[in-house]
Amino acid sequence: MYFLALLLLLWSTAFPLSTANPHNKTLLQLLHEADAEADPPTFSTPLPPSLDPWYRPPFTYDWRRTEPGQVLKVRRAPLLNYTVPNALRAYQLLYRSTDSNYDPAWDVTTVIIPQRHARCPDPSSNSTTSTTSSSSTPPHPHPNRKPLTPWCAHALLSYQLPYDTCNVDASPSYGLYLGDPYGEIADALSLGWFVAVPDYEGPRASYAAGVQAGHATLDGVRAVLQVAGHFGLRLEVAKVALWGYSGGALATEWAAELSVQYAPKMRIAGFALGGLTPNVTSVTEYLNGTGGAGLIPQGLMGISSQHWDARRWIVSRLKPALREVFLSVKKMTAAQAILAFQYQDIYSYFVGGYDDLHTRVMQNMYDVDGYMGYHGVPRMPVFIYNAISDELSDIKDVDALVDRFCGVGANILYHRNTVGTHTQELVNGRPRAFAWLRSVLDGSYDELYSTLGCTIYNVTYNIAPWVR
Ligand SMILES: *[C@@H]1O[C@H](CO)[C@@H](O)[C@H](O)[C@H]1NC(C)=O
Ligand SMILES: *[C@@H]1O[C@H](CO)[C@@H](O)[C@H](O)[C@H]1NC(C)=O
Ligand SMILES: *[C@@H]1O[C@H](CO)[C@@H](O)[C@H](O)[C@H]1NC(C)=O
Ligand SMILES: *[C@@H]1O[C@H](CO)[C@@H](O)[C@H](O)[C@H]1NC(C)=O
Ligand SMILES: *[C@@H]1O[C@H](CO)[C@@H](O)[C@H](O)[C@H]1NC(C)=O
Ligand SMILES: *[C@@H]1O[C@H](CO)[C@@H](O)[C@H](O)[C@H]1NC(C)=O
């Protein structure tokens with residue numbers, strides 16, 4: 001005990017915590033260092049986050065005192081232009097955020113520069129005769145600024161991947177080395193958009209913890225905007241949109257409703273949300289006994305990583321013979337958990353069954369992190385698309401969420417698809433999500449969509465190639 005205290009004391013005198021704000025200066029240095037690595041790039045095999053020392057906040061100053069969104073670390077991710085089509089270069093940022101308990105926390109995001117950006121003028125040179133096609137663009141109103149070239153979209157999409165697991169080693173910053181799971185990052189890059197993919201569950205892989213995910217997503221955007229000018233994004237014109245489906249929509253929706261309080265000055269052009277899960281307890285009841293039952297242990301371990309009293313309760317109530325099986329989700333991806341637990345009665349893992357998951361300590365956790373629609377009303381355009389017969393979440397919960405927001409002046413386009421399952425709507429909704437995102441990012445939203453109030457349609461889109 002005394003030895004430990006002594007060691008800590010020595011450690012803190014060896015590295016006195018600086019209360020000054022050093023990263024303003026060092027951020028540029030960090031960027032230059034990251035770029036110096038670039039040519040030639042270092043192709044070392046990436047390590048999973050649990051083993052990679054880069055996934056730690058800096059210890060030479062008190063990063064907790066920095067502002068949310070402050071970039072604390074930058075590095076190149078040199079292999080991602082091989083695994084993600086249409087990527088020119090990629091960087092990873094470690095940044096300050098705020099967890100579900102409103103304590104300082106950190107997260108990681110991956111920012112990918114589109115290949116098309118290689119043809120955009122270099123922001124560090126100020127020659128006005130920069131490109132071949134600038135003759136076709138009208139004279140720029142600000143002669144000191146370079147005209148925008150048509151292929152330089154100057155847009156940022158924050159794309160929240162549904163990774164649905166309490167295993168930190170399945171975080172997108174590492175998983176992207178295996179490729180772009182839905183091809184949507186590649187499609188967004190092909191439009192010339194910068195794409196940021198945050199590990200919004202954070203270092204504890206807090207799957208299903210709404211506040212953590214929303215903060216991490218918003219601060220990921222702040223972090224990217226802090227450095228993207230250096231990568232050639234024209235910050236004074238760039239628009240920002242956020243998009244996610246299912247678990248990715250969870251992060252995106254929480255970002256939307258938290259933004260009015262947590263990031264009120266952030267200029268966001270719009271949020272696209274598909275396959276929403278507004279109520280964590282009703283989703284649990286829906287999933288129990290189905291093919292997707294494995295998402296319940298993932299969700300319980302994920303959300304309770306932000307609520308240690310609930311975590312202790314969960315572990316203490318597991319039947320001893322089943323405890324190890326249940327806790328093995330910590331090492332699984334979403335797909336592995338779905339296979340391992342499919343069609344199981346998850347409540348039967350608990351001594352007290354269903355009631356064990358609805359005690360006061362559990363309800364407190366759900367109340368903080370599990371119900372959408374109670375933290376604020378999005379002040380930016382929102383597109384929501386959902387299959388009416390979504391089997392993961394009752395469409396009535398989504399209807400109620402939309403109603404709530406529409407009652408206080410939100411601007412929402414809501415598509416209820418008469419065909420398809422949860423998984424099919426991912427595919428069925430994709431072209432509509434892209435069309436909508438294009439409009440908010442290129443400024444044509446006002447011409448193409450209603451800018452006032454809510455527009456609700458029952459639609460029928462059936463392009464998913466498989467039928468259940
Ligand atoms: C950077 O540092 C300068 C002076 O040290 C200060 O005026 C400025 O506000 C800082 N900028 C940021 C973004 O912290
Ligand atoms: C990836 O980037 C590196 C360095 O920037 C480059 O040498 C390599 O050709 C790129 N690979 C692909 C597939 O674009
Ligand atoms: C940009 O323009 C300024 C003023 O005209 C000049 O001093 C500077 O050298 C130029 N920079 C580059 C990179 O061309
Ligand atoms: C969530 O769903 C449960 C179970 O269906 C229901 O009892 C509860 O009222 C819902 N909570 C909210 C906040 O909508
Ligand atoms: C959970 O699923 C099992 C298997 O389908 C079913 O027997 C059980 O009644 C369900 N429990 C609850 C509380 O819905
Ligand atoms: C959509 O269909 C439901 C029945 O499934 C109906 O109650 C509702 O009024 C319809 N909404 C619109 C906007 O047409």
Side-chain angles (χ1 to χ4, degrees), residues 34-44 46 75-92 110-119 176-177 179-180 185-186 189-190 208 210-211 231-232 250 253-254 257 276-289 296 299 303 346-347 354-355 357-360 362-376 384-407 412-420 450 453-461:
D35 272 338
E37 260 181 67
D39 292 313
T42 45
F43 290 99
S44 53
R75 71 172 174 185
R76 277 286 295 260
L79 287 171
L80 285 187
N81 68 330
Y82 290 90
T83 60
V84 179
N86 306 328
L88 177 66
R89 277 198 317 270
Y91 293 83
Q92 288 173 341
T110 304
V111 53
I112 307 170
I113 303 172
Q115 239 158 32
R116 285 166 63 162
H117 202 78
R119 298 161 65 203
L176 286 178
Y177 289 115
D180 169 15
I185 300 175
L189 290 167
S190 77
V211 177
F231 303 148
L250 186 147
E253 195 286 338
W254 279 87
E257 65 174 77
L276 276 171
T277 49
N279 179 330
V280 74
T281 41
S282 83
V283 169
T284 305
E285 283 164 32
Y286 253 59
L287 280 174
N288 173 54
I296 303 175
I303 191 171
I346 302 299
Y347 298 111
Y354 178 92
D355 291 344
L357 297 184
H358 293 84
T359 57
R360 196 59 243 167
M362 295 296 286
Q363 194 57 51
N364 285 344
M365 171 173 77
Y366 304 140
D367 288 345
V368 169
D369 261 334
Y371 303 120
M372 295 178 185
Y374 293 87
H375 293 72
I384 298 178
Y385 55 107
N386 224 95
I388 292 174
S389 51
D390 189 303
E391 71 283 13
L392 212 77
S393 181
D394 194 327
I395 188 79
K396 289 200 194 91
D397 289 343
V398 184
D399 293 344
L401 179 71
V402 170
D403 265 5
R404 257 182 108 76
F405 287 158
C406 295
I412 299 177
L413 172 65
Y414 176 29
H415 280 186
R416 305 164 86 249
N417 197 354
T418 58
V419 297
S450 166
C454 291
T455 314
I456 302 175
Y457 293 121
N458 291 328
V459 298
T460 303
Y461 288 92

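Note that ligands are numbered from 1 as they come in the structure, with each ligand's atoms numbered from 1 the same way.
- The closest donor-acceptor contact from the side chain of Asn86 to the backbone of Ala186 lies under 3.5 Å.
- When atom types are taken as modelled, the side chain of Asn288 and the backbone of Ile346 share a donor-acceptor pair closer than 3.5 angstrom.
- Ring geometry for Tyr91 versus Phe231: interplanar angle under 30°, hence parallel rather than tilted (30 to 60°).
- Atoms of ligand 4 found under 4.0 Å from any heavy atom of Thr281 (numbered from 1 in listed order, with element): 1 (C), 2 (O), 3 (C).
- Every protein residue with a heavy atom nearer than 4.0 Å to ligand 6 is included here: Arg416, Ile456, Asn458.
- Listed for the Thr460 side chain is no donor-acceptor partner under 3.5 Å among the backbone atoms of Thr418.
- Residue pairs that meet the salt bridge (charged side-chain N to carboxylate O under 4.0 Å, His left out) test with at least one member in residues 362-375, sequence neighbours left out, are Arg360-Asp367.
- Every side-chain hydrogen bond (donor to acceptor under 3.5 Å, both in side chains) that Asp399 has, sequence neighbours left out, goes to Tyr414, Arg416.
- Considering backbone and side-chain N/O of Gln115, none are found under 3.5 Å from N/O of ligand 2.
- Partners of Tyr347 under the ring-ring contact (aromatic ring centres under 6.0 Å, His included) rule, at least two apart in sequence or in another chain, are Tyr354.
- Those atoms of ligand 4 that come under 4.0 Å of a heavy atom in Tyr374, given as number and element, are 13 (C).
- Considering both main-chain and side-chain atoms, Asn279 comes within under 3.5 Å of ligand 4 through a nitrogen or oxygen pair.
- Under a 3.5 Å cut-off, the side chain of Thr284 and the backbone N or O of Val280 do form a donor-acceptor pair.
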